[in-house]
Amino acid sequence: MDKVVEPKPALSSAELDEFKANGFLNLGRVLSDADVARFIEMFDNDRRQFPYMWHTYGYHQEANYEALISSPHFDELIRHPTIYPKIVALFGGPVCFGEIGLRRMRNYDGQTHQEWHRDRGYWFEHPLRLDYMQLIVYLSDVDESTHCFSISPESITDPPLKEAAEQLKRREGVNLEGPAGTCALFNVALFHTATTRATQAERKTVQIYYGHRDRAPLANDSGIPATLSRHPSDTETREFYSNLNERTKLFMAAYQTRTH
């Protein structure tokens, strides 16, 4: 009789413990060479074909937060089969799309710059205090000589501190480094920042937010195309993209055909 092989859980106990202790999970280089090449091509094509979708963002960055409109195949990264099940496991229930940002940081010859911030507060009714989570994907190699993403860990038992300086005294920032294809998940209530360094290297990232389907939308940065929110045959796609923000509703109303 063949031995029954139990399916491997999407999230290991060690990964769950790491998230509880730090509020984030460094997945390492989880994207394959083929995936990295494909998503870099999509990123570069988006910039070439739709330059009017890209705008100055934050400090020394440019970004396109309408990537689902200009390059809808980024859904393949948003719900990547290696990563998405871990996100669902951390939320412990149905997950919705929040937003997606393609970000580029060019070469830089100024002083190191950081702007520590929380995107929103913790949701204490959730066992991991999760309201929204971000997946950050590196599409370029990142090390101590390049721009990077930095984060200050907080456990699920740490009382939140109001000021970044206080939090950084408690637990100093951790720099996420690694080759293209490196990914990390983090609670957006953690203090975090883009660390801008003097470098000749360019940094490309995709930064994707996820939330609860029955909670308020995250923000009004990314519109959701009706091809996804009203998908004709895939119920799960419709539901994942169902948490429509005001930006999306405004565009939907503007493009409706009305009979006068």
Side-chain angles (χ1 to χ4, degrees), residues 24-87 97-109 113 133-151 174-186 188 192-210 221-225 227-228 237 240-241:
F24 75 95
L25 181 60
N26 184 350
L27 300 175
R29 190 182 189 274
V30 293
L31 297 183
S32 68
D33 290 346
D35 276 343
V36 171
R38 180 161 55 99
F39 293 127
I40 289 176
E41 183 179 15
M42 288 169 60
F43 186 104
D44 291 344
N45 283 342
D46 192 277
R47 286 192 61 247
R48 278 194 299 268
Q49 296 179 24
F50 310 107
Y52 48 83
M53 303 290 278
W54 288 74
H55 306 282
T56 300
Y57 187 91
Y59 183 84
H60 195 70
Q61 298 186 55
E62 57 179 339
N64 175 12
Y65 269 76
E66 294 287 18
L68 274 178
I69 305 296
S70 55
S71 298
H73 284 291
F74 269 110
D75 174 59
E76 297 165 15
L77 180 56
I78 293 169
R79 293 186 288 172
H80 192 281
T82 301
I83 304 169
Y84 185 62
K86 295 182 184 295
I87 295 169
F97 170 77
E99 68 182 35
I100 178 172
L102 311 183
R103 295 201 205 178
R104 175 175 175 254
M105 298 178 72
R106 305 179 313 281
N107 61 302
Y108 176 74
D109 61 3
H113 181 272
M133 177 192 294
Q134 187 188 124
L135 163 65
I136 180 166
V137 181
Y138 281 169
L139 293 183
S140 52
D141 296 339
V142 172
D143 58 30
E144 67 278 358
S145 69
T146 70
H147 308 302
C148 75
F149 175 79
S150 304
I151 192 164
V174 174
N175 295 329
L176 177 66
E177 298 173 353
T182 296
C183 301
L185 299 168
F186 71 96
V188 302
H192 59 279
T193 183
T195 296
T196 309
R197 295 174 172 143
T199 181
Q200 292 303 304
E202 176 183 78
R203 192 195 76 161
K204 300 174 185 176
T205 60
V206 184
Q207 299 178 222
I208 306 162
Y209 286 77
Y210 306 81
D221 295 321
S222 297
I224 299 175
T227 51
L228 295 170
T237 294
F240 176 72
Y241 286 105

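Small disclaimer: the values here were computed from a predicted structure and weren't measured.
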### Task
Check the pair Tyr241 / Asp75 against side chain to side chain donor-acceptor pair (under 3.5 Å), numbers first and verdict last.
CA-CA 10 Å; Tyr241 286 105; Asp75 174 59; 2.5 Å; yes

### Message
Does Asn175 form a side chain to side chain contact (heavy atoms under 4.5 Å, CB included) with Glu144? I'd like the steps, not just the answer.
### Response
CA-CA 8 Å; Asn175 295 329; Glu144 67 278 358; over 6 Å; no

### Message
Test side chain to side chain donor-acceptor pair (under 3.5 Å) on Arg79 and Thr237; report intermediate values, then the result.
### Response
CA-CA 10 Å; Arg79 293 186 288 172; Thr237 294; 3.0 Å; yes

#### Entry: Working for side chain to side chain contact (heavy atoms under 4.5 Å, CB included), residues Val36 and Arg29
CA-CA 10 Å; Val36 171; Arg29 190 182 189 274; 3.8 Å; yes

### Task
Decide ring-ring contact (aromatic ring centres under 6.0 Å, His included) for Phe149 and Phe186; before the verdict, give the C-alpha distance in whole Å, the side-chain angles of both, and the deciding distance to 0.1 Å.
CA-CA 11 Å; Phe149 175 79; Phe186 71 96; 5.0 Å; yes

### Query
Does the pair Phe24 and Leu176 meet the rule for a side chain to side chain contact (heavy atoms under 4.5 Å, CB included), with working shown?
CA-CA 11 Å; Phe24 75 95; Leu176 177 66; over 6 Å; no

### Task
Start with the C-alpha distance between Trp54 and Leu102, add both sets of side-chain angles, then the distance that settles side chain to side chain contact (heavy atoms under 4.5 Å, CB included), and finish with yes or no.
CA-CA 9 Å; Trp54 288 74; Leu102 311 183; 3.6 Å; yes

### Message
One pair to check against ring-ring contact (aromatic ring centres under 6.0 Å, His included): Tyr138 and Phe39. What are the steps and the verdict?
### Response
CA-CA 10 Å; Tyr138 281 169; Phe39 293 127; over 10 Å; no

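Considering CG of Leu31 and CG of Leu77, their distance stands at 6.5 Å, rounded to 0.5 Å. To the nearest 0.5 angstrom, Gln61 atom CD is 6.5 Å from Thr196 atom OG1. Interatomic distance, Glu76 CD to Arg38 CZ, rounded to the nearest 0.5 Å: 4.5 Å. Distance CG/Asp44 to CE/Met42: 11.5 Å, rounded to 0.5 Å. One distance of note links OH of Tyr65 with OG of Ser70; it measures 13.5 Å at 0.5 Å rounding. In this structure, CD on Glu99 lies 4.5 Å from CG on Asp221, to the nearest 0.5 angstrom.
Residues Val142 and Arg203 have side chains in contact (heavy-atom distance under 4.5 Å, counting atoms from C-beta outward). When side chains are defined from C-beta on, Val137 does not count as touching Thr205, because their heavy atoms never get closer than 4.5 Å. At least one side-chain heavy atom of His60 sits under 4.5 Å from a side-chain heavy atom of Arg106. Two residues are said to be in side-chain contact when any heavy atoms from C-beta on lie closer than 4.5 Å; His147 and Thr199 meet this criterion. When side chains are defined from C-beta on, Ile69 does not count as touching Phe50, because their heavy atoms never get closer than 4.5 Å. Counting heavy atoms from C-beta outward, Ser140 and Glu202 have side chains that stay 4.5 Å or more apart. Looking at Arg104 and Phe43, their side chains come closer than 4.5 Å, going by heavy atoms from C-beta outward. Cys183 places a side-chain heavy atom less than 4.5 Å from the side chain of Ile83.
Just one of Ile100, Leu135, Ile136 meets the side chain to side chain contact (heavy atoms under 4.5 Å, CB included) condition when paired with Gln207; it is Ile136.
No donor-acceptor pair under 3.5 Å is formed between the side chain of Ser71 and the backbone N or O of Phe74. Between the side chain of Glu66 and the main chain of Gly223, a donor-acceptor pair closer than 3.5 Å is present. Of the possible donor and acceptor atoms, none in the side chain of Asn26 sits under 3.5 Å from a partner among the backbone N and O of Ala184.
By the 4.0 Å N-to-carboxylate-O rule, Arg103 lies too far from Glu62 to be salt-bridged with it.
For the pair Ser145 and Arg197, the tightest heavy-atom approach, listed with the atom from each and the gap, is N-NH1, 4.3 Å.
Using modelled atom types and a 3.5 Å distance limit, the side chains of Thr195 and Ser150 yield a donor-acceptor pair. His55 and Asn64 form no side-chain donor-acceptor contact under 3.5 Å, judged by distance and modelled atom types alone.
The aromatic rings of Tyr108 and Tyr59 sit perpendicular to each other, their planes meeting at more than 60°, with 30° as the lower class boundary.
Other residues, nucleotides and ligands place more than 12 heavy atoms under 6.0 Å from the CD atom of Gln49.
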